[in-house]
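Notes follow once the structure below has been shown.
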Amino acid sequence: MNPWDSVKNLAVSLLADVTKLDVTRVRESIEIPPDPNLGDLASTVSFQLAKQLKKSPAQIANEIAEKINARLETTMVFERAESRGSYVNLFLNRGRFVKFAIEAANQLGQEYGRTAVYKGHRALIEFPAVNPSKPWHIGHARNAVIGDMLGNVLQTVGYKVARIDYINNLGLQIAQLAWKLLQETENLANIKYDHYLGRLYVDVQKAFETDEKAENEIREIARQLEDPDSEASKKSISMVTACLLAQCQTSYRLGIYHDYQVWESDIAHSGLLEAARNMMLECENVVKLEEGDKAGCIVVKLDTIDEFKDMQEPYKVLFRSDGTRTYTGADVALQMWKFGIVQDPFRYQVFDKQPNGKEVLRTSVKGKKKNIGKFDVVFNVVGSSQAQPQRLVYTILDLLGYKTQSENSHHVAYEFVGLEDTDFSGRKGTWIGYTVDEILDRAVELAHDEVAKRNPDETDEFKGQVATQVGTGAVRYMLLKASPDRKITFRWSEALDFDGDAAPYLQYSHARAQRIIEKAAEETQAETDLTMLSSASEFALAKAIAMFPEEILETVRSLKKTMWGTSFYSNKISSYGYGLANLFSKFYDSCPVLKAEPAIATARLELVKAFRTTMANCLRILGIQAVERM
RNA sequence: GGGCACGUAGUCUAGCUUGGACAAGGCACCAGCCUUCGGAGUUGGAUGUCGUCGGUUCAAAUCCGACCGUGCCCGCCA
């Protein structure tokens, strides 16, 4: 059910009948006028017809409007057509349209906004792949929130979605920390484990850079990590597990849950690499070099690929001369696994039971076999600085003969979050003070003050719960409302601004609607006619409600793959939500519900319900809690 | 050297994919609105060479080219 699309289709068929033009051409000419007084839908077909008919566009628009008016019947949602300049403007019958929109939303309830356009497709989304050696900072949260919301959007249009996290538990960072922890007893005091490791890392890094002996020992540890039976490996597993569990607590606070974790060590030890490497070597562009400075390496030759021919070195190493994989090599193997190109070599075991009630499974040498199946589309949420390495993985997939899978590989790129004078650096520790935990704490604390001020008689439990919903909602919204291709400069004043274009505004509008509905429940219901609702603010609100399903589909359609990334406009849904809340606020101010005469009150109540449903569904996609009181 | 992205009022942004009517909001600032369903709201006001210069078009913030500024990427690293 997509009310706005229905209305648009009717407009297109009317215009196509009258102009005898092709339906798709007419459809492309449809736009929404900048000012609702000009009309509800407009068409620019007269510009296109001007040349072939040798008449002025204004004259043509005039004739089209007249012909449409002659065809309109009194039962249609469209009421009249007007020409203005060269535009043909169509006007909806307000009452009939409002009724149509309200009934669509209220009949479907929680399902309103859902469509089955992409039913039967399976999508895998990988995010945020934070190293299990530090707490999430706000930049990691941007990745996670974008990935999570993309999943929500895809599910709403019919996809089956799997959310996957990638756990890099074999890197140098892990070796550095394991080295430190092997030589001293842990002093945990009262600090969350991921925060503890993150701070420890800053110290270790100094030793690594200045002390050659330490560096050599750490390199040795890194080698030992490849052997699952080594002392270093065992130490690192308990360290990584504890860190990851701590990071998950942050993730859960943001309402982010995963289905699977793929651990780097399992990629190395499951047989996936061997299988993938053998398949790669079948490809003529992948060779083991016999001489030169890369003798012994398995490389992919890229000199024939247009977008890589200007690389300083056209041979990209996939497996080093000592046989170990590079990041690219592992990434290609993993991408092959995602599409089911290689048989699933993993075993799985439960890592954690998440607060949403679902278990997250991790790959493991021990657990059970479980074929998770092929995915049709793969989205990797990765910073835009990784555009070239991501593209490389997809190109290699294509070279191996997996053209479709290469085309269905998407790099969802986003810019990093930084501070006014610096970027976040794990080595330098500039993230300290800007972890997601600290930011959420501050946001929730501030929300608590506001909630307490407005609800002095409520229980502490209520205040705490609402403050959490409002504070975390504000942080999530802040990250989603910025277009992903724009850098965010983190400022406390903006993160903690609950006025204007921010999540609490959306939640507030929902709470106001909820209160009206609650109060009305006590009163008797009168017979009503929804077509009575025809004021400007009622009509404008109904239009926004009607556009909701189309807005989600547009967001999915705008996932366009280009050479260096796939565009995803997370801000489209957030700004829709803001606009919807804004229109409700205007309606709220100009149209009393409970104090109106009974027939109008009942009709307006239906509009309020339709709004509440739409806003709740919109917030669910954004991953923000709808609140009933705040 | 090659490549990618961004540049819009004091400030932060939307609009650019798919060209269309006087460029839309938030914050901050000024002035109104509580005997009225919740003021985290609403109404009004001031603030603009849409980085610059060309091109395409009936029409350019939007498409194309050049240039300027900013950030990022081009390792057997991680």
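All chains are named by letter (A, B, ...) in the order of the sequence lines, taking the proteins before the strands, and each is independently numbered beginning at 1.
- Across all strands shown, A:Ala596 has no heavy atoms under 4.0 Å from either base or sugar-phosphate atoms.
- Look at CZ on A:Arg25: it is 17 Å from P on B:U18, rounded to the nearest Å.
- Nucleic acid contact for A:Phe319: none, since no nucleic acid atom lies under 4.0 Å from a heavy atom of the residue.
- When distances are taken from the side chain of A:Asp485 to each of B:G71, B:A5, B:G15, the shortest belongs to B:A5.
- Note on A:Asn571: only backbone sugar-phosphate atoms sit closer than 4.0 angstrom, heavy atoms only; bases stay farther off.
- For the pair A:Arg277 and A:Phe319, the cation sits on the ring face: its NZ or CZ lies under 6.0 Å from the ring centre, inside 45° of the axis.
- Judged purely by distance below 3.5 Å, without hydrogens or angles, the side chains of A:Gln205 and A:Gln176 pair a donor atom with an acceptor atom.
- Shown here, B:C16 is classed anti by the O4'-C1'-N9-C4 or O4'-C1'-N1-C2 angle, which is more than 90° from 0.
- Of the candidates B:C37, B:A21, B:C77, the closest approach to any side-chain atom of A:Pro33 belongs to B:A21.
- Centre separation under 5.5 Å together with a plane angle under 30° does not hold for the ring of A:Phe47 and the six-membered base ring of B:A59, so they are not marked as stacked.
- Toward the 5' end of RNA chain B, the nearer of the two residues A:Ala502 and A:Arg486, judged by each one's closest nucleotide, is A:Arg486.
- In terms of polar N and O atoms assigned as donor or acceptor, the side chain of A:Asn89 comes within less than 3.5 Å of the base of B:A21 in a complementary pairing.
- At a cut-off of 3.5 angstrom, counting only N and O atoms as typed in the model, there is no donor on one side facing an acceptor on the other between the side-chain of A:Ser385 and the base of B:C73.
- A:Ser321 comes within contact range of at least one nucleobase, with a heavy-atom separation under 4.0 Å.
- For B:A78, one of the phosphate oxygens OP1 or OP2 lies less than 4.0 angstrom from a side-chain nitrogen or oxygen of A:Arg219.
- Residue-to-nucleotide contacts include no donor-acceptor pair under 3.5 Å from the side chain of A:Arg84 to the base of B:A21.
- Taking the charged nitrogens against the carboxylate oxygens, A:Arg142 and A:Glu415 have no contact shorter than 4.0 Å, which rules out a salt bridge.
- Distances shorter than 4.0 Å separate none of the side-chain N or O atoms of A:Arg454 from OP1 or OP2 on B:G41.
- Counting only heavy atoms from C-beta on, A:Glu31 has its side chain closest to B:A21 among B:G38, B:U42, B:A21.
- When distances are taken from the side chain of A:Pro504 to each of B:U18, B:A40, B:U42, the shortest belongs to B:A40.
- For the pair A:Gln386 CD and B:A78 C1', the computed distance is 10 Å after rounding to whole Å.
- Listed nucleotides B:U18, B:A78, B:G38 differ in distance to A:Arg629; the shortest reach to its side chain belongs to B:G38.
- Closest to the A:Lys316 side chain, of the nucleotides B:G75, B:U18, B:A14, is B:G75.
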| query | How does RNA chain B look in dot-bracket notation if pairs are Watson-Crick or G-U with both distances under 3.5 Å, crossing ones as [ ], other-strand ones as |? | reply | (((((((..((((......[...)))).(((((.......))))).....(((((..]....))))))))))))....
